[in-house]
There are 2 protein chains.
Amino acid sequence: MSSGEEPSYDITLLVRDHCLCLHLQRAARAVARRFDQAFRPVDLTNGQFSLLMSLNRPQPPSMTDVSRLLAMDRTTLTANLKPLERRGLVEVASDTVDRRTRRLSLTAAGRELLTAAMPLWRRTHADIEELIGEPGADRLRADLWALS
Amino acid sequence: MSSGEEPSYDITLLVRDHCLCLHLQRAARAVARRFDQAFRPVDLTNGQFSLLMSLNRPQPPSMTDVSRLLAMDRTTLTANLKPLERRGLVEVASDTVDRRTRRLSLTAAGRELLTAAMPLWRRTHADIEELIGEPGADRLRADLWALS
DNA sequence: GGATAATATGTTGATATCAATTTAAATGTC
DNA sequence: GACATTTAAATTGATATCAACATATTATCC
């Protein structure tokens, strides 16, 4: 006589096997760990690599630009910039026209570190793509894009 | 005359458009935010929901069991349990045979909260599945599983 | 041009994440 | 049975994540 107030084990199995959020977080953690290890020689995390890479463009983007690109909260971006600023990889400057806006750019050291990280990225990314096969990667990218 | 020490913008676009890690983190953040908002009425995060759900089984699992299931570091699990213990949703007990091992179980309050959260999960999950279509969801789950 | 609304960002507090190190307990070897 | 090895988990320190709130600047309306 179970009271209706308790979730059955069947429901647990349903969530465990079907929850896209759980599957996403699992995979995100696993892949992040892999890239974090690969980037160890250049002392970068996967997120720091992606952030630096997103700043490598002709025109320095604003905080909001980058937070949208990375689908992260603005305040998270503020926090993530701090260690990179401390290490002299990134520069934050006020926009000359709109003084509310911050323009984010790589320093020379930042660009050099990105260059050093590229071979690590290529190797690790190739390993990961092998896990799902060549055609699967494009499909997966499209699915993930639709979710964010 | 670029020095070869600077990553080209083309490479940036390649990484931005193809990096599975970036795509995964993006989607993981976006979906996590959605579930976090949905679970607001029961004061749970997506990760806390998944953790509680993973404890809803006949035999109380160990820390290592759960950390493997969620593909997270054991020390992360230790940290995540603390707020749930404080709220009386989870109990941690030493195994009677092997005193190194901790057995994790839900309290009655934990089970009730899970029950209250289920309708929120169903609704949110249905919304998310719509973003990628019915056949896509199974495919995506399989791909994500392969990565973790 | 002064009050008001909208926009861009920062600060604080809580949880999440992992590596490196440490502690405690069980197992294996002799 | 004593000592080394292995295993399970906790602690510490750094970064990551977001909501709620606060601040500064620009734009708008009258």
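Atoms considered below: every heavy atom in the structure, side chains included; atoms not considered: hydrogens, waters and symmetry mates. The chains referred to below are lettered A, B, ... by the order of the sequence lines, with proteins before strands, and numbering in each begins at 1.
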Has [X] got a side-chain N or O lying under 4.0 Å from the OP1 or OP2 atom of [N]?
X	N	result
A/Arg99	D/dT26	yes
B/Thr64	D/dA9	yes
A/Arg74	D/dA19	no
B/Thr45	C/dA16	yes

Query raised in the report: If every non-hydrogen atom of A/Leu131 is compared with every non-hydrogen atom of A/Arg34, which pair is closest and at what distance?
Result: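 It is CD1-NH1, 4.0 Å.
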Query raised in the report: Where each residue is assigned the nucleotide of DNA chain D containing its nearest heavy atom, which of A/Asp73 and B/Asp65 is assigned the position nearer the 5′ end?
Result: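 Per heavy-atom nearest nucleotide, the more 5' residue is B/Asp65.
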Query raised in the report: With nearest nucleotides of DNA chain D determined for A/Asp98 and A/Gly47 from heavy-atom distances, which residue corresponds to the more 5′ nucleotide?
Result: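 Residue closer to the 5' terminus by nearest nucleotide: A/Gly47.
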Query - Neighbours of DNA chain C within residues 27-44 of chain A, by heavy-atom distance under 4.0 Å - result: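 Those residues whose heavy atoms fall under 4.0 Å from DNA chain C, taken from residues 27-44 of chain A in numerical order, are A/Arg29, A/Arg33, A/Gln37, A/Arg40.
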Requested in this report: Determine whether B/Tyr9 and A/Leu114 fall in the same hydrophobic cluster, where Ile, Leu, Val, Met, Phe, Trp and Tyr are linked whenever their side-chain heavy atoms lie under 4.5 Å apart.
Outcome: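 Different clusters.
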Requested in this report: Indicate if B/Leu20 and A/Trp145 have the same hydrophobic cluster label, given that clusters are the connected sets of ILVMFWY residues with side-chain heavy-atom separations under 4.5 angstrom.
Outcome: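 Each belongs to a different hydrophobic cluster.
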Requested in this report: Mind grabbing the angle between the end helix axes of the helix from C/dG1-D/dC30 to C/dC30-D/dG1? Five pairs an end, 10° rounding.
Outcome: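 The angle separating the two end axes equals 10°.
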Query raised in the report: Any donor-acceptor pair under 3.5 Å linking the side chain of A/Arg103 with the backbone of A/Ser94?
Result: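 It does not hold such a pair.
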Query - Parallel, tilted or perpendicular, as decided by the 30° and 60° cut-offs, for the rings of A/Phe49 and A/Phe39 - result: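 It falls in the parallel class, under 30°.
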Report task. Output the residues of residues 75-87 of chain A in contact with DNA chain D, where contact means a heavy atom of the residue under 4.0 Å from an atom of the strand; sort by number or write none. Result ->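 Output list: A/Thr75, A/Thr76, A/Ala79, A/Asn80, A/Pro83, A/Arg86.
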